[in-house]
Amino acid sequence: MRAVDLIRKKRDGQELTSEEIAFLVKGYSEGQIPDYQMSAWAMAVYYQGMSARETADLTMAMAGSGDTIDLSSIRGIKVDKHSTGGVGDKTTVVLGPLVAAAGVPVAKMSGRGLGHTGGTIDKLEAISGFSVELTKEQFFRQVNEIGLAVVGQSGNMTPADKKLYALRDVTATVDSIPLIASSVMSKKIAAGADAIVLDVKTGSGAFMKTLEDSIRLAKAMVDIGTQVGRRTVAVISDMDQPLGHAIGNALEIKEAVATLRGDGPADLEEVCLILASHMLILGGKASSEEEAKAMLAEQIKSGQALEKLKQMVAAQGGNTEQIGRPELLPEAELKVDVKATAGGYVESIQAEEIGLAAMMLGAGRETKESVIDLAAGVELRKKIGDPVEAGETLAVLHLNRSHETGLAEAQRRILNAYGISSTKVPRRPLVFALVTPDGIKRF
């Protein structure tokens with residue numbers, strides 16, 4: 001078997017066999033197939049695509065290229081959740097405790113963020129003392145004892161995917177749905193979950209900007225899960241504006257705590273209830289979305305969801321007093337209002353611009369070496385559909401003096417991100433579609 005023959009085969013639109021895909025992944029990850037040949041193959045995939053079977057084979061080959069986690073020692077059906085990313089997306093911090101409180105174990109491995117804000121792990125580290133480093137034994141024991149643990153990803157998980165992604169990043173082949181889908185799902189498969197709920201974002205702050213592309217990606221990932229025996233569903237949710245009001249690590253933890261108390265932003269609560277309801281259904285705790293939502297609402301009302309977060313924080317060495325009193329979380333030295341220059345109604349918010357403004361204040365990483373300022377970020381006071389008067393505050397910037405050099409540019413980006421209309425604007429739907437093995441349901 002030769003790489004050049006497989007490149008030619010894919011270039012000409014033919015399907016590769018399972019053995020041929022395994023040969024490519026193994027050869028590339030072990031350094032026997034050079035970058036230039038794998039680049040050519042990735043470009044052939046970009047133009048010719050892959051079948052559902054090929055994409056599943058690629059996923060499994062990458063999942064098996066490094067460490068895999070066997071969660072069989074954890075009792076119950078383990079349901080994982082993955083978001084394709086967005087601005088203000090702190091859903092894992094809400095979902096984990098909420099779903100665990102309802103009786104579905106959550107054994108979650110999350111990553112750090114590279115970009116406008118931190119990843120879930122960075123957000124949780126805003127809690128003093130919180131450790132994301134647990135041994136496998138500690139991880140399993142904690143989930144069995146309290147139903148919940150969130151830790152950093154294994155350093156040697158899906159090394160073939162890491163190597164291929166780095167190559168795609170510099171060869172203009174990132175935007176290939178089979179390659180994106182297999183990259184995401186290889187990590188989920190390696191992490192050992194029995195079932196997977198995908199939150200596929202769509203809009204200006206998402207990787208997929210259009211609804212149709214988001215549905216295509218969701219369907220590809222659901223097809224992979226189905227092919228490899230993992231029950232998988234995908235929710236297509238809005239990212240044409242940030243989720244909730246807080247963007248930035250400590251700010252997002254405060255908002256997650258508020259949501260678990262029952263007084264968080266309506267959009268964040270609704271998206272979390274929808275995602276969590278599908279986790280409960282896949283976990284065998286509910287038979288319908290309505291039944292699941294009622295169970296989840298009770299976990300919030302009774303205080304059990306917030307208590308579950310406190311249990312996880314305590315188990316992982318964090319300061320639980322900061323959950324009871326979120327004002328004790330890191331606070332920025334400066335708070336600067338960004339005021340509207342005209343009145344009307346908020347028509348649009350470029351979510352990515354808001355995220356980049358937060359990064360300039362220190363909330364995210366421009367490079368892997370960047371150090372996140374956990375207190376920094378943006379607090380939105382106006383969302384799409386809200387009325388606004390000239391001079392009224394659109395957003396509040398939270399920053400420490402060490403990042404004052406980024407203040408002017410952050411202010412400019414916030415103002416440019418807001419579109420103001422003279423006529424009333426309808427509020428956007430939060431969820432556009434549900435993709436399951438049975439098909440696509442649009443809302």
Side-chain angles (χ1 to χ4, degrees), residues 77-99 102 104 106 108 110 120 177 180-181 184-185 187-188 191 193-226 230-244 256 259 264-297 351 427-443:
I77 299 171
K78 281 71 71 180
V79 185
D80 200 354
K81 165 260 173 191
H82 175 80
S83 169
T84 57
V87 182
D89 184 9
K90 71 284 293 178
T91 53
T92 293
V93 185
V94 178
L95 284 173
L98 186 54
V99 171
V104 173
V106 178
K108 180 92 181 123
S110 292
T120 298
I177 283 179
I180 297 167
V184 170
M185 292 298 287
K187 300 181 189 74
K188 297 293 104 183
D194 301 315
I196 303 163
V197 173
L198 300 163
D199 181 13
V200 180
K201 302 295 188 185
T202 190
S204 67
F207 186 69
M208 291 294 175
K209 307 297 183 189
T210 70
L211 178 57
E212 293 312 312
D213 279 349
S214 300
I215 289 174
R216 284 173 59 216
L217 175 60
K219 185 176 185 309
M221 292 192 288
V222 169
D223 285 348
I224 291 170
T226 304
R230 308 291 173 96
R231 293 182 65 198
T232 307
V233 301
V235 173
I236 313 293
S237 67
D238 181 50
M239 193 42 72
D240 243 353
Q241 63 177 332
L243 185 60
T259 304
D267 60 342
L268 176 60
E269 180 176 304
E270 185 177 338
V271 168
C272 286
L273 286 174
I274 291 168
L275 293 170
S277 68
H278 289 290
M279 293 176 77
L280 259 59
I281 292 167
L282 292 183
K285 293 293 180 181
S287 56
S288 69
E289 200 173 331
E290 293 71 26
E291 181 189 1
K293 281 185 178 177
M295 291 172 64
L296 294 162
R427 297 190 185 276
R428 289 180 57 81
L430 287 170
V431 171
F432 296 97
L434 175 68
V435 182
T436 72
D438 298 325
I440 301 164
K441 181 180 178 182
R442 294 174 185 256
F443 302 113

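Along the sequence shown, residues are numbered consecutively beginning with 1.
Contact record, V200 with S214: CG1-O, 3.7 Å, taken as the closest heavy-atom pair. Nearest heavy-atom pair, D267 versus P242, reported as atom, atom and distance to 0.1 Å: OD2-O, 4.0 Å. In plain terms, the two heavy atoms of K219 and V435 that are nearest each other are CA-CG1, 3.8 Å. In terms of heavy-atom proximity, P97 sits nearest to T92 at CD-O, 4.1 Å. In this structure, T91 and C272 approach most closely via the heavy-atom pair CG2-SG, 3.8 Å. When every heavy atom of V104 is checked against every heavy atom of G283, the shortest pair comes out as CG2-CA, 4.1 Å.
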Derivation and outcome, side chain to side chain donor-acceptor pair (under 3.5 Å), residues S83 and K201: CA-CA 7 Å; S83 169; K201 302 295 188 185; 4.8 Å; no

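Between V79 and L280, every side-chain heavy-atom pair lies at or beyond the 4.5 Å cut-off. Inter-residue side-chain proximity for P265 and T259 is flagged as met; some heavy-atom pair is nearer than 4.5 Å. Using a 4.5 Å heavy-atom threshold, the side chains of T436 and V222 count as separate. Taking the side chain as every heavy atom from C-beta outward, M208 and I177 approach each other to under 4.5 Å. Residues Q241 and V87 are not in side-chain contact: their nearest non-hydrogen atoms beyond the backbone lie 4.5 Å or more apart. Taking the side chain as every heavy atom from C-beta outward, M221 and T232 never approach each other to under 4.5 Å. In this structure, the side chains of F443 and L434 come closer than 4.5 Å at one or more pairs of heavy atoms. Residues M185 and L198 meet the side-chain proximity criterion, which asks for heavy atoms closer than 4.5 Å.
Under 3.5 Å, the side chains of T120 and K108 contain no donor-acceptor pair of N or O atoms.
To the nearest 0.5 angstrom, L296 atom CG is 11.5 Å from I274 atom CD1. Rounded to the nearest 0.5 angstrom, I440 CD1 and F432 CZ are separated by 15.0 Å. How far CZ of R216 is from OG1 of T210: 8.0 Å, rounded to the nearest 0.5 Å. Taken from OG in S204 to CE in M239, the straight-line distance is 8.5 Å, to the nearest 0.5 Å. The distance from atom CG of L98 to atom CE of M295, rounded to the nearest 0.5 Å, is 10.0 Å. Interatomic distance, CG of D238 versus CG of L430, reported as 6.5 Å (0.5 Å rounding).
Residue K187 qualifies as enclosed at atom NZ: its count of foreign heavy atoms under 6.0 Å is above 12.
A side-chain contact (heavy atoms from CB on, under 4.5 Å) with V431 holds for exactly one of L275, V235, I236; it is V235. Of the listed residues (D199, D89, T202), just one forms a side chain to side chain donor-acceptor pair (under 3.5 Å) with S237, and that residue is D199.
We find that R442 and E212 are joined by a salt bridge, their nearest charged nitrogen and carboxylate oxygen being less than 4.0 Å apart.
For R231, the side chain to side chain contact (heavy atoms under 4.5 Å, CB included) test picks out A195, L282, with sequence neighbours left out.
Among residue pairs with one or both ends in residues 276-286, none qualify as salt bridge (charged side-chain N to carboxylate O under 4.0 Å, His left out); sequence neighbours excluded.
A donor-acceptor pair under 3.5 Å is formed between the side chain of R230 and the backbone N or O of A193.
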